[in-house]
Every structure is written in structure tokens, then in C-alpha cells.
Amino acid sequence: MRLLPLLSACAVLLHATHACETDEDCSLNGICVQKCSNITAAAARPAQKVCRCDAGWFGHDCGRLDLAPATRNLGYNYTTVTNPGDYSTHGNASWGGRILQDPEDPRLFHLFTSQFANGCGLGGWRPHSQIIRAESRTGPQGPYHYQQTVTTPFRHNPDVFYSPADDKYLMYAIGVDAGPLDRCMSFSYTAWPNNISVASTDDIRGPWSEFRMVVNSDRPNGIHATNPSPFPLWAPDNPTSEIALLIKDYDIFTSPQWDAEYTHVYNAEWNTTEGGDNALWTEDPFLWRDKRGNWHSLNHWMIDYVEHDGRRYPRVGAHLFARNLEGPWHFRLHEAYNSTVNFTDGSAETYNRRERPKLFFSSDGEMTPLYLVSGVTPLNETRKSSTFIQPIGTKWREFERDLGVS
């Protein structure tokens with residue numbers, strides 16, 4: 001009778017573990033709990049503390065995504081689709097994206113992604129990138145099918161979410177309106193600034209409002225305005241309209257509402273003993289707040305690019321975390337995921353690039369990551385990029401079963 005309460009207060013772990021002292025040692029993706037010293041004894045005695053990871057994460061510090069085998073030919077890949085008048089042969093290449101479940105039809109999923117016009121491929125992302133919407137009726141993994149072009153070039157790096165406080169969908173992106181283009185080309189950052197803007201709509205299918213700039217690339221403090229990752233601070237017990245906005249190099253802004261002024265509130269000052277310059281070799285942050293109120297971001301980690309003379313694989317994923325939005329943020333010097341993917345057919349593939357990570361979470365309040373969305377390029381064809389979706393852990397199976405999709 002006494003054994004059960006004792007067992008519930010400690011972690012029963014069958015594999016080798018590492019000790020922890022605080023939840024930070026578990027990357028805030030789990031909790032640091034007592035490890036049972038003898039689960040068969042009538043009175044188990046707590047021993048060292050170990051990390052008990054949340055669903056979707058694993059590792060001694062809960063800092064790695066528990067990626068499940070992916071299924072080939074899902075996601076969104078229109079690289080073989082060409083249009084009359086294309087300037088090049090790279091099809092309709094895309095680059096990552098955000099999945100949203102339809103508010104009226106739970107079996108319908110929308111994907112907003114950057115797609116490169118005129119067949120110019122990933123190499124011509126500035127200024128040929130435009131934002132499109134695709135749909136899947138076979139679950140969040142896809143395959144997704146093109147539905148509409150949402151913007152004209154140059155708009156890139158969209159992040160779209162539903163704002164409960166405003167009852168609107170908000171789209172954050174970089175770019176400016178481009179003039180006529182007559183060939184595949186690539187412009188410099190100075191010629192085509194990445195100004196961060198936001199647009200809104202009452203319906204996920206649009207129409208969208210005009211973009212309103214919220215962070216200017218020409219700010220005097222030298223902030224590089226790119227890679228926007230917004231997160232609404234609304235919660236059932238705090239129905240605020242406030243928005244948090246994380247951008248590249250870990251500058252954080254907040255605004256009282258999506259269409260108000262954005263105030264710079266944080267810039268990372270990394271502890272050199274913890275992350276050093278490695279922490280600055282990141283881009284494409286994706287921000288979220290977990291069920292305990294802690295903050296996290298998933299990023300493209302560029303360590304191989306720096307340490308191996310421009311090589312972009314295999315260590316590509318970084319996870320950062322903090323108890324408070326304004327830090328301190330913690331950085332782990334190991335990848336949260338890499339560019340090698342195992343498939344359900346037993347094969348594996350290492351991609352040349354796997355970037356622009358975003359997560360799709362459970363809707364039960366647990367904020368369990370169910371799918372990882374990223375842009376990928378194969379080793380032998382770096383311009384024909386596509387949007388790749390991989391399930392995480394095991395909870396995605398329950399999610400799809402409840403939807404009635406296979």
C-alpha cells in the first residue's frame with residue numbers, strides 16, 4: 001500500500017541516465033525528479049535526480065527531438081511542376097512553412113510556405129520568393145497541394161498563426177514589393193532589405209490586408225531584421241492582445257497588439273562558457289511557450305557551416321530555452337536534430353540543407369510537438385528545395401487516428 005505513492009514521486013528509468021539538479025538541466029523539456037533506487041523494494045528509496053522528458057523529446061538533457069521515421073513523397077514538393085515562361089528549370093521550389101488546422105474542417109490542413117517564382121529555385125530566393133497556401137486532406141504530413149498564391153515577390157519566411165485576442169489570422173514575413181522581373185537573379189541584402197511586416201485576415205483563405213512594417217532593417221542599433229517568429233501572449237487566464245516577436249540573433253520585441261509599435265526588449269548576451277560564438281551561429285528561430293510557461297526556440301544551427309568551410313550538414317538543429325522571455329536563454333552545444341532522415345521503407349537520406357524549422361503542436365494544452373516542418377535540399381540538387389514534414393515521437397499516431405486519416 002505504501003509503495004505506489006513512493007513510486008509516483010520518483011522516476012522509474014530502465015536505461016542509463018545522467019544526473020540533474022534543476023529543470024534547466026533537462027532543457028525545460030522535462031522535469032528533474034528523483035530516480036528510484038530499487039523499484040522492487042517495499043519502500044523505494046530516492047537516489048540521484050534524473051530528467052523525465054516530455055513527450056516528443058529525449059536524451060539525458062531532454063534536448064533532442066524524438067523524430068519518428070518519415071514517409072516518402074509527403075510534405076510539399078512541387079519542384080517537378082513548371083509554368084509557361086519560367087526563366088529556369090527548378091520548378092516551384094519551396095522552403096519550409098507553417099501548418100494550420102482548418103477551424104471548421106478538422107481533417108483539412110493548410111500549409112503556408114515560401115515558393116520561388118519563375119522556376120528560379122532556392123538560389124533566387126531574393127527577390128523571387130512569394131508566399132503560397134497549399135492544402136492536405138490526408139493529415140498534417142500531406143501530401144499538400146497548391147491552392148493559391150497569397151503574395152507577389154518579394155515576400156519570404158512567412159509565419160502564420162491564429163490570434164484568439166483578435167479573432168484574426170496574422171502573417172509575419174520579410175520583404176518589400178518587387179518590380180517586374182525578367183530573369184532569374186539574386187539581389188544583395190542592401191538592395192532588397194528584409195524589413196519585417198505583418199498582414200491580417202478574418203479567413204484563413206484570405207483576402208489578406210496590406211503588409212504593415214513592424215521592424216525596419218535600417219534600425220540605428222544595427223539589428224538585422226530577418227527571420228520573424230511571433231508568438232501571441234494570450235492565455236485563457238490572461239486574454240491579452242500582446243505579441244512577442246523573436247528574430248535572428250536573438251533580438252526580442254513585444255507589442256501591445258499586432259498592429260501597434262514593437263519595442264525592443266532583449267538582445268542575447270551569451271555566456272561564453274555556455275554557448276560562446278556557437279550560439280550566434282543560428283538563424284530561422286521558431287518561438288513557443290510550453291505548458292509550464294517556459295520559453296523555447298528551435299533554430300537552424302550553422303556550426304558545420306562555420307567549422308567546415310561552408311558545409312551545411314549534418315548538425316543543423318539547435319534548441320534554446322528560458323524561464324522568462326527576456327532571459328537568460330540557455331544554449332546546448334549539441335544538435336536537437338540533424339539532416340539525416342530515416343524513412344518508413346527502411347531507407348535513410350542525408351540532406352545537404354535542412355533549415356527553417358517549425359513545429360506543429362497538439363491542441364490539448366500539453367503543447368506536445370507532433371511534426372517538424374523544414375525546408376530541405378538533396379545533396380546532389382541544392383536549388384530544387386522542398387518542404388519536408390516528419391512526425392515526432394508517438395503522439396502523432398493518436399492525433400491522426402482520432403482524425404480518421406492514414
Side-chain angles (χ1 to χ4, degrees), residues 75-76 94-106 108-116 125 129-136 140-142 144-175 194-215 226-234 241-247 253 255 257-259 262 284-289 297-298 355-363 367 369-375 387-389:
Y76 179 74
S94 62
W95 196 234
R98 186 70 183 265
I99 299 173
L100 289 90
Q101 191 171 16
D102 192 272
E104 297 179 357
D105 182 355
L108 174 62
F109 292 85
H110 305 264
L111 175 73
F112 289 86
T113 182
S114 300
Q115 183 164 285
F116 311 114
W125 72 272
S129 179
Q130 59 189 3
I131 299 169
I132 66 100
R133 183 180 64 85
E135 291 182 356
S136 167
Q141 297 183 70
Y144 285 83
H145 303 283
Y146 170 87
Q147 292 297 316
Q148 66 177 144
T149 298
V150 178
T151 73
T152 57
F154 160 61
R155 298 289 172 180
H156 187 64
N157 196 180
D159 199 346
V160 183
F161 65 92
Y162 174 72
S163 171
D166 305 292
D167 192 22
K168 292 180 180 293
Y169 289 92
L170 303 178
M171 177 190 296
Y172 289 72
I174 66 172
N194 289 346
N195 303 326
I196 296 173
S197 302
V198 60
S200 68
T201 183
D202 296 327
D203 190 300
I204 199 168
R205 297 164 183 80
W208 292 83
S209 70
E210 295 292 325
F211 277 96
R212 175 185 180 275
M213 188 170 64
V214 296
V215 182
T226 191
N227 301 157
S229 181
F231 192 89
L233 300 186
W234 182 95
S241 297
E242 190 175 6
I243 298 287
L245 177 65
L246 170 63
I247 68 175
F253 296 78
S255 177
Q257 58 189 48
W258 69 273
D259 55 355
Y262 285 69
D284 302 346
F286 174 75
L287 178 71
W288 76 94
R289 184 170 55 184
S297 76
L298 205 59
E355 305 171 16
R356 196 57 55 79
K358 287 181 171 57
L359 297 174
F360 180 88
F361 296 98
S362 65
S363 57
M367 289 295 287
L370 301 179
Y371 305 93
L372 170 65
V373 186
S374 59
T387 299
F388 186 78
I389 301 171

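Note that this is a predicted model, so its numbers are computed, not measured. All residue numbers refer to positions in the sequence shown, counting from 1.
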### Main-chain N/O of T151 paired with T149 side-chain donor or acceptor, under 3.5 Å
no
### Query
Checking side-chain contact (heavy atoms from CB on, under 4.5 Å) for the pair W258/Y172: CA distance, chi angles, key distance, verdict?
CA-CA 10 Å; W258 69 273; Y172 289 72; 3.8 Å; yes
### 4.5 Å side-chain heavy-atom contact, I99 and F361
no
### Task
Go through the steps to decide whether K168 and D202 satisfy the test side-chain contact (heavy atoms from CB on, under 4.5 Å), and finish with yes or no.
CA-CA 5 Å; K168 292 180 180 293; D202 296 327; 2.9 Å; yes
### Message
I'd like to know whether M213 forms a side-chain contact (heavy atoms from CB on, under 4.5 Å) with S197, so could you lay out the CA-CA distance, the side-chain angles of the two residues, the decisive distance to 0.1 Å, and finally the verdict.
### Response
CA-CA 4 Å; M213 188 170 64; S197 302; 3.8 Å; yes
### Message
Parallel, tilted or perpendicular: which one describes the rings of H156 and F116, with boundaries at 30° and 60°?
### Response
tilted
### Query
Does any donor atom in the side chain of Y162 or D167 lie under 3.5 Å from an acceptor atom in the other side chain?
yes
### Message
Give me the atom names and distance for the closest heavy-atom approach of G97 to V373.
### Response
O-CG1, 3.3 Å
### Task
Look up atom CG in L100 and atom NE2 in H110, then write down how far apart they are to the nearest 0.5 Å.
7.5 Å
### Query
What pair of heavy atoms forms the shortest contact from F161 to P230, and how long is it?
CE2-CG, 3.4 Å
## Note on the structure
Taking every heavy atom of M171 against every heavy atom of I131, the minimum-distance pair comes out as SD-CD1, 3.7 Å
### Query
Any idea which heavy atoms bring P357 and F286 closest together, and the distance?
O-CB, 3.3 Å
### Query
Can you check whether R98 reaches P158 side chain to side chain, under 4.5 Å on heavy atoms?
no
#### Entry: L372 side, atom CG; L359 side, atom CG - distance, nearest 0.5 Å
6.0 Å
### Query
Does D259 offer a backbone N or O that forms a donor-acceptor pair with the side chain of R212 under 3.5 Å?
yes
### Message
Donor-acceptor pair, distance only, cut-off 3.5 Å: does the side chain of T201 make one with the backbone of P207?
### Response
yes
### Task
With rounding to the nearest 0.5 Å, note down the distance linking CG in L298 to CH2 in W288.
5.0 Å
### Query
Is there side-chain contact between D166 and W234, with at least one heavy-atom pair below 4.5 Å?
no
### Query
What distance do Y169 atom OH and I204 atom CD1 have between them, rounded to the nearest 0.5 Å?
4.5 Å
### Message
Quick one: does any side-chain atom of S114 pair with a main-chain N or O of N157 as donor and acceptor, under 3.5 Å?
### Response
yes
### Message
Which residues pass the salt bridge (Lys or Arg N to Asp or Glu O under 4.0 Å) test with K358, not counting sequence neighbours?
### Response
none
### Summary
Looking only at heavy atoms, the pair that brings P228 and I247 closest together is CA-CG2, 4.3 Å
### Task
Verify, without hydrogens or angle tests, whether S209 (side chain) and S200 (backbone) share a donor-acceptor contact under 3.5 angstrom.
yes
### Task
Kindly assign one of parallel, tilted or perpendicular to the pair F360 and F109, based on the angle between their ring planes and the thresholds 30° and 60°.
perpendicular
### Query
To the nearest 0.5 Å, how far apart are CZ in F231 and CG in L287?
7.0 Å
### Lys/Arg cation over aromatic F211: R155, 6.0 Å, 45° cone
yes
### Message
With a 4.0 Å cut-off on N to O distance, would you call R205 and D102 a salt bridge?
### Response
yes
### Task
Taking all heavy atoms of I196 and all of I174, pick out the closest pair and write down the distance.
CG1-CG2, 4.0 Å
### Query
Is it true that the side chains of Y146 and Q115 contain a donor and an acceptor less than 3.5 Å apart?
no
### Task
Report the C-alpha distance between I243 and V198 in whole Å, list the side-chain angles of each, state the deciding distance to 0.1 Å, and finish with yes or no for side-chain contact (heavy atoms from CB on, under 4.5 Å).
CA-CA 12 Å; I243 298 287; V198 60; over 6 Å; no
### Point-to-point distance, once rounded to the nearest 0.5 Å, from OG of S241 to CG of L233
10.0 Å
### Message
R133 vs Q148, test: side-chain hydrogen bond (donor to acceptor under 3.5 Å, both in side chains). Steps then yes/no.
### Response
CA-CA 5 Å; R133 183 180 64 85; Q148 66 177 144; 2.7 Å; yes
